[in-house]
There are 2 protein chains.
Amino acid sequence: MQEQSDDDKEKPLAKRALTTQKRRKEIVEAAAACFITQGFHQTSIRDIAKRAGISLGNLYNHFSSKTDLIAEIAVLESDDQTVVNDILSEDGKVQDILARFIAVHFDELSKPENAVLAAEITSEAMRNPQIAEPFLENRAQLVARLASVLISPDLNYPEDTTEMAELILTLVQSTAARAAFQPGRKQKATLGALQSSVCRLVGLSD
Amino acid sequence: MQEQSDDDKEKPLAKRALTTQKRRKEIVEAAAACFITQGFHQTSIRDIAKRAGISLGNLYNHFSSKTDLIAEIAVLESDDQTVVNDILSEDGKVQDILARFIAVHFDELSKPENAVLAAEITSEAMRNPQIAEPFLENRAQLVARLASVLISPDLNYPEDTTEMAELILTLVQSTAARAAFQPGRKQKATLGALQSSVCRLVGLSD
DNA sequence: ATTGAGTGAACGATCGTTCATTCAATATAT
DNA sequence: ATATATTGAATGAACGATCGTTCACTCAAT
């Protein structure tokens, strides 16, 4: 994997920058793991450094403060919603799109790690504007997409679609969080109830 | 207010025990206030003592540890659900009971202080069994009551009422939490959407 | 020669908790 | 009723641990 071309000046991503990028990612993943098991404010910088396998001082070469790290995690977690956002943008019958959206979003958020991290972020966002901003921005985007799906077909739906989209999103996310600590078998039943509930809300047959 | 009866021995609640009880309550209220603005783990014992207007050492005469205080707050907050529990036990038409339940529960949980504290407790309960236990117990009780309301009338409802009760409770609580940070005017619209949504879920006309 | 990742000691602040002590309220003995 | 002993609320200093952050320094990559 040796490359020595003449115009390498435009690609200064040498060994140095590459490992730096990798190291940064390792730190973020270690931090996320710590935050999930211990929570934001019960996790120390030393915990994260130890888990990432680096020294205490070196962590500060990649992140200037603990707050910055928390913010980064919050942003990355919110960005994971890109997948479900894409589903809502696909073509197809409304009931199919909704069903897929609910199933995928539910599956993701009912994983205990994600549920715990989401709860931590939610709690933190209520107090820390730096966390609330990306959190609310991503949510607004998701609501807008979902609302557009609710308009598109000819479901007789004269009401405020944005309000309904907010309500449905809230329902899906919080139901998934609740299901995260149920046994796997009951989870399927909860997902089923959720699916038919949303259908009922938007005026579709189950 | 002097009372000197013969059988006063059975009522040894003298000045001492009374002020102790009062002081304990003051500490709990101070702690709750601190937890709301700073969160559990960003609040120090010194913060609480200062807010309660007592010394650091004296706080330990009333609570043996910070964890105990957090647990006490969590229990008291969950016990506030007694009001809505009573509403569900009243007699009357199902739609009226449901509407009252939703309105009262929503109003309570959409107060920012309560929303913040609830989020804090939820997050903590996922990690701390001492918090999760009373939290889940009270919730189960509320779900049971709500489920019994869903059975009682002759709404054609062959499905699992407990699952539906869980879903409705989740919807009401999380919608209220979301509304807590909306302007007051939008809150009313959200409550309206919530009311009609629940009606639709249980098969009632709006 | 310069840069920046990497290290661990060190710093000052703050944490939860314990401690010795004071003092008013209560219980007991006279 | 008076004197005495005991209790427990109240205080703030003190302790050891841990916190987030900084620092001087090494060394490989540029």
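Owing to the predicted nature of the structure, the values given are computational and were not obtained by experimental measurement. Letters go in sequence order (proteins before strands), and every chain restarts at 1. Keep in mind that the numbers below use all heavy atoms, side chains included, and drop hydrogens, waters and symmetry copies.
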Take atom [atom1] of [X] and atom [atom2] of [N], then tell me their distance rounded to the nearest Å.
| X | N | atom1 | atom2 | answer |
| --- | --- | --- | --- | --- |
| B/I27 | D/dT11 | CD1 | C1' | 14 Å |
| A/I48 | D/dC19 | CD1 | C1' | 12 Å |
| B/K22 | D/dG8 | NZ | P | 21 Å |
| A/L59 | D/dT22 | CG | P | 12 Å |
| A/Y60 | C/dA10 | OH | P | 18 Å |
| A/I45 | C/dA13 | CD1 | P | 19 Å |
| A/L56 | C/dA10 | CG | P | 14 Å |
| A/K50 | D/dC19 | NZ | P | 9 Å |

* State whether the side chain of B/T19 and the backbone N or O of B/R16 hold a donor-acceptor pair below 3.5 Å, judged by distance alone. =>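 Between the backbone of B/R16 and the side chain of B/T19 there is a qualifying donor-acceptor contact (under 3.5 Å).
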
Selection from [options] that lies nearest to any side-chain heavy atom of [X]:
| X | options | result |
| --- | --- | --- |
| B/S55 | C/dT7, D/dA9, D/dG12 | D/dG12 |
| B/R16 | C/dA24, D/dG20, C/dA5 | C/dA24 |
| B/N58 | C/dG16, C/dT3, D/dA9 | D/dA9 |

* Asked: Given that A/G57 and A/Q42 both sit by DNA chain D, which one's nearest nucleotide is further toward the 5' end?
  ->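 The residue whose closest nucleotide sits nearer the 5' end is A/Q42.
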
* To do: Provide the closest heavy-atom pair for A/L146 versus A/L169 in the form atom of the first, atom of the second, distance.
  =>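 Minimum heavy-atom contact is CD2-N, 4.2 Å.
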
* **More than 12 heavy atoms of other groups within 6.0 Å of B/R178 CZ** =>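 More than 12 heavy atoms, drawn from other residues, nucleotides or ligands, come within 6.0 Å of this atom.
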
* Asked: Heavy atoms, side chains only, cut-off 4.5 Å: are B/H62 and B/T20 in contact?
  ->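 Contact flag for B/H62/B/T20 side chains = yes.
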
* Do the non-hydrogen side-chain atoms of B/E90 and B/R100 ever get within less than 4.5 Å of each other? ->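 Touching, per the 4.5 Å side-chain cut-off.
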
* Starting from the C-alpha separation in whole Å, work towards a yes-or-no answer on side-chain contact (heavy atoms from CB on, under 4.5 Å) for B/R23 and B/N58. => CA-CA 10 Å; B/R23 186 46 57 87; B/N58 191 20; 4.1 Å; yes

* A/R46 near the nucleic acid: base, sugar-phosphate alone, or nothing, with a heavy-atom cut-off under 4.0 Å? ->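 Base contact.
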
* Asked: Is there a residue in residues 61-71 of chain B whose heavy atoms reach under 4.0 Å of DNA chain D, and which residues are they?
  ->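 Heavy-atom contacts with DNA chain D come from B/N61, B/H62.
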
* Do we see a donor-acceptor contact under 3.5 Å between the side chains of A/Q182 and A/T190? ->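 Present: a donor and an acceptor within the cut-off.
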
